[in-house]
Structures are given as C-alpha cells and as structure tokens.
There are 2 protein chains.
Amino acid sequence: MRIGELAARAGTTTRTLRYYESRGLLPARRDGNGHRTYDESDLRLLRQIRTLQDFGFDLEETRPFVECLRAGHPEGDSCPAALVVYRRKLAELDALIGQLTSVRETVAGQLARAERARDELAVEALVPGGPEPLCELGGQER
Amino acid sequence: MRIGELAARAGTTTRTLRYYESRGLLPARRDGNGHRTYDESDLRLLRQIRTLQDFGFDLEETRPFVECLRAGHPEGDSCPAALVVYRRKLAELDALIGQLTSVRETVAGQLARAERARDELAVEALVPGGPEPLCELGGQER
DNA sequence: GTACGGCTTGACGTCGACGTCAAGGCAAGG
DNA sequence: CCTTGCCTTGACGTCGACGTCAAGCCGTAC
C-alpha cells in the first residue's frame, strides 16, 4: 500500500506520515519508483501513534510504544519503557486536572462575585439620585 | 516609573511589556528621552493581565478586563464583556477538564491492563519450558 | 498527445507569547 | 574619557505538529 492509502485508512494525511518518517518514527520501504510502501503492520503502528496523540501524548512519547510493537509484542504498551510513559502521563494528567480544577473554582468565584456586584449596581441605579453608572452595564449577553 | 521598574514590580520582563504595547493592550506615555513611562494605574492593569494569563486566558481575552479597568471601574470584571469572557472560559475549562478526566481514566485502565499482562508474562517465565520473553521485561522503573 | 491523479523532495508558513541578539542613545559615576 | 546601566527599535528564533505551495516525475486513461 502506498502513502495515500495508508493515510486515508488511518484518518490522517500524507504530510503527517512523511513527518513521522522524518522523525524516524515510521520508516517506509520504497518500490521501484521511489514511492513509499507500507503494509498492515505499519497501519497498526500508525494507529498506535494516532491513538496516543489523541490522548495528548507528545510524538516522542509514542516512540516506546511503536518500538514495542515493532519488537513483536501484540500490544504496544507491554514494554517497560511504555509503562514508564503511561505512569508519567498519568501524573501529568493528575497535576493538570488539579490545576485546571483549581482555576475553574477561582474563575467561578470571580464570576459570581462580579455578577453580585453588577446586580447591586443595577439596584442602586433604580434609586433616584443614585450614582451614575460608569459605563454600559445593562446588556448581559453579546 | 520606567519599563524596567514596572516589569520588576509585576514580576515580568520588559520584553513582555513592549509586546503588550505592540498589541495595543498597555500603551505607554513617553518622557523627554523617548523612554516609556508608567504610573500606578498601569501596574494595576498589568497585574490584571498577568493574573488572567496565569489562569490560562489568552492575551486577547484579557482586553475586556483591561478596558473595564481603564474605564474607571475598580474591578476589571464588572463590565459585561468581561463577564462573557468569564462564562466562556468556565465552559472551556469544564469541557477540557472533562476530556482530560476521560483520558486519565482510559490511560489508567490501559496501564492496569498492561501491568496485569506483564505480570502474567512474568509468571509464565517462571514455568520451565515456557515461552521466551520477546524483549526485556524485567526492570520496572528507569 | 495530453490531461490527470498520485507520488517525490524541498522549503516556507502557522500559532502564541514572548526570548534573544544587535546596534545604538543617553545619563551618572569614577 | 570611559564604563556601566537602562533605555530604544528592529528583527530573527523558539516550540510541536504539521499545512501549504512549488516544481517535477510517472503511469494510466482518454
């Protein structure tokens, strides 16, 4: 199979495959015309890469999985180096989720506070002789 | 105050301040020498920008907050446009946290499965006449 | 013959928020 | 006078994973 077909079957692009090859991740054989040639096992390697990429793994982090598959293992994650990557990524995810959750709470709190302040201003605006609004504080959306 | 002092007081760099100015976010007056000049209110604007940046807001997303402060509001988030950004960011955070959590669970499951498989292989390796390991499956860390 | 689709390599563009380097001005201190 | 330090503008570099364009080859279909 040539590069276009492999790309289509993996749901990616030829540019991506050439990029992987340039990084030494997915080398290709060549036919008489100099065209890249792939087989079904390359498709499996590529699918492994793509899956990990979708999970947010860096390209370099997929290398142990690919090498594991290429070494003959039916699963890319059965080698120690892949397990190490799994564990590290798990820790990164936990840290990131924790940070994002913390930020989420902070932003939610700020939003609530700002909305309260806005509502109080709106009430004051109803009081005759109250302070003038400093800018347009009417519309909510858009 | 000049650019170096402002940067130091905000815990950032002069390059960052020039960048913000180039984006029209934090314009500066000039003194007789052509040097940028800032005052305390600029420090407040800058702190608002930096806080939001630390929360993961894009630079452009901080603009409504800065304009709100510059319009005379004591809080940068009291204007509708800022509230809109807050709500949008909250939704983004929720979506992202959800995705990451889902990925986290998937990766954790894969790791557990791979570790089980490795342990089973290790057990088989103890059986005399068992299959040869396909690669080095001994060390766990490093 | 020629148009077309697929392939090749090479190389520049993208995005965001700056980092880093170069060349030069201006004031204070020794 | 010279160094030091802070400032100026301009411009190129960074990072990751490709996108996009250019020029050209090859085989097949019309």
Side-chain angles (χ1 to χ4, degrees), chain A residues 1-39 42 45-66 85 88-89 92-93 96 100 103, chain B residues 1-39 42 45-66 85 88-89 92-93 96 100 103:
Chain A
M1 137 179 62
R2 289 184 303 177
I3 194 170
E5 186 183 344
L6 179 61
R9 288 181 66 186
T12 183
T13 68
T14 62
R15 178 67 180 95
T16 296
L17 299 191
R18 295 200 189 93
Y19 177 62
Y20 290 171
E21 182 172 1
S22 80
R23 313 262 51 209
L25 205 57
L26 192 65
R29 281 111 279 163
R30 301 303 180 112
D31 68 9
N33 289 329
H35 292 181
R36 290 170 178 82
T37 303
Y38 303 90
D39 57 22
D42 290 315
L45 297 185
L46 179 52
R47 289 215 165 113
Q48 174 77 74
I49 297 172
R50 291 268 90 195
T51 299
L52 293 173
Q53 285 272 87
D54 290 345
F55 287 169
F57 286 60
D58 295 344
L59 199 52
E60 272 311 306
E61 291 179 320
T62 73
R63 197 179 294 273
F65 296 80
V66 174
V85 173
R88 184 157 45 78
K89 185 57 66 176
E92 286 175 21
L93 282 169
L96 183 55
L100 289 176
V103 167
Chain B
M1 119 184 71
R2 288 185 304 176
I3 193 169
E5 185 183 346
L6 179 60
R9 287 182 65 185
T12 183
T13 68
T14 61
R15 178 67 182 96
T16 296
L17 299 191
R18 295 198 189 94
Y19 177 63
Y20 290 171
E21 181 172 3
S22 80
R23 317 262 46 211
L25 205 59
L26 192 65
R29 281 112 276 163
R30 302 301 180 111
D31 67 9
N33 289 329
H35 293 181
R36 290 171 179 81
T37 304
Y38 304 90
D39 56 23
D42 290 314
L45 298 184
L46 179 53
R47 291 214 165 114
Q48 173 78 76
I49 297 172
R50 291 268 91 194
T51 299
L52 293 173
Q53 286 272 87
D54 289 344
F55 286 170
F57 285 61
D58 295 343
L59 199 52
E60 271 312 306
E61 291 179 321
T62 72
R63 198 178 294 273
F65 296 80
V66 174
V85 174
R88 185 157 46 77
K89 186 57 66 179
E92 287 175 21
L93 282 169
L96 183 55
L100 290 177
V103 166

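Everything quoted here is computed from the prediction, not taken from an experiment. No hydrogens, no waters, no symmetry mates; every other heavy atom, side chains included, goes into these values. Just so it is clear: chains get the letters A, B, ... in the order the sequence lines come, proteins before strands, and each one is counted from 1.
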Seminar exercise, completed: Within residues 18-37 of chain B, those residues having any heavy atom closer than 4.0 Å to DNA chain D are B:R18, B:R30, B:G34, B:H35, B:R36
Exercise. For D:dA17, does OP1 or OP2 lie under 4.0 Å from any side-chain N or O of A:T16?
Worked result: no
For this session: Find out whether A:L59 and A:Y19 are in side-chain contact, i.e. whether some heavy atom of one side chain is under 4.5 Å from a heavy atom of the other.
Result: yes
Exercise. Rounded to whole angstrom units, what separation is found between the CZ atom of B:R50 and the C1' atom of C:dC18?
Worked result: 9 Å
Seminar exercise, completed: Those residues at least two apart in sequence (or on a different chain) that pass side chain to side chain donor-acceptor pair (under 3.5 Å) with A:Q48 are none
Seminar exercise, completed: Axis-to-axis angle across the helix from C:dG1-D:dC30 to C:dG30-D:dC1, five pairs each end, nearest 10 degrees, ~ 40°
For this session: With sequence neighbours excluded, tell me which residues meet side chain to side chain donor-acceptor pair (under 3.5 Å) with B:Y20.
Result: B:R50
For this session: Determine which pairs satisfy salt bridge (charged side-chain N to carboxylate O under 4.0 Å, His left out) with at least one residue from residues 13-25 of chain B, sequence neighbours left out, and list them in order.
Result: B:E21-B:R30, B:E21-B:R36
Exercise. How would you list, by chain and number, every residue that makes a side chain to side chain donor-acceptor pair (under 3.5 Å) with A:T12, sequence neighbours excluded?
Worked result: A:T16
Exercise. What pairs with A:R2 under salt bridge (Lys or Arg N to Asp or Glu O under 4.0 Å), at least two apart in sequence or on another chain?
Worked result: none
For this session: Give me the residues of residues 52-65 of chain B where at least one heavy atom lies under 4.0 Å from an atom of DNA chain C, by number, or none.
Result: B:Q53, B:D58, B:L59
For this session: Using the test side chain to side chain contact (heavy atoms under 4.5 Å, CB included), find all partners of B:R9 that sit at least two apart in sequence or belong to another chain.
Result: B:M1, B:E5, B:E40, B:L43
Problem set entry | Results of side chain to side chain contact (heavy atoms under 4.5 Å, CB included) for B:N33 - residues two or more places apart only | B:D31, B:H35
For this session: Report the distance from atom CZ of B:F55 to atom OG1 of B:T62, rounding to the nearest 0.5 Å.
Result: 13.0 Å
For this session: Could I get the full list of side chain to side chain donor-acceptor pair (under 3.5 Å) partners for A:T51, not counting sequence neighbours?
Result: none
Seminar exercise, completed: Contacts of A:D39 meeting salt bridge (Lys or Arg N to Asp or Glu O under 4.0 Å) (sequence neighbours excluded), chain-then-number -> A:R29
For this session: Please check the phosphate of D:dG27 (OP1 and OP2 only) for any side-chain N or O of A:R2 closer than 4.0 Å.
Result: no
Problem set entry | Under-4.0 Å side-chain N/O to phosphate OP1/OP2 contact, B:T14 with C:dG19 | no
Exercise. Atom CG of B:L17 and atom P of C:dC18: how far apart are they, to the nearest Å?
Worked result: 10 Å
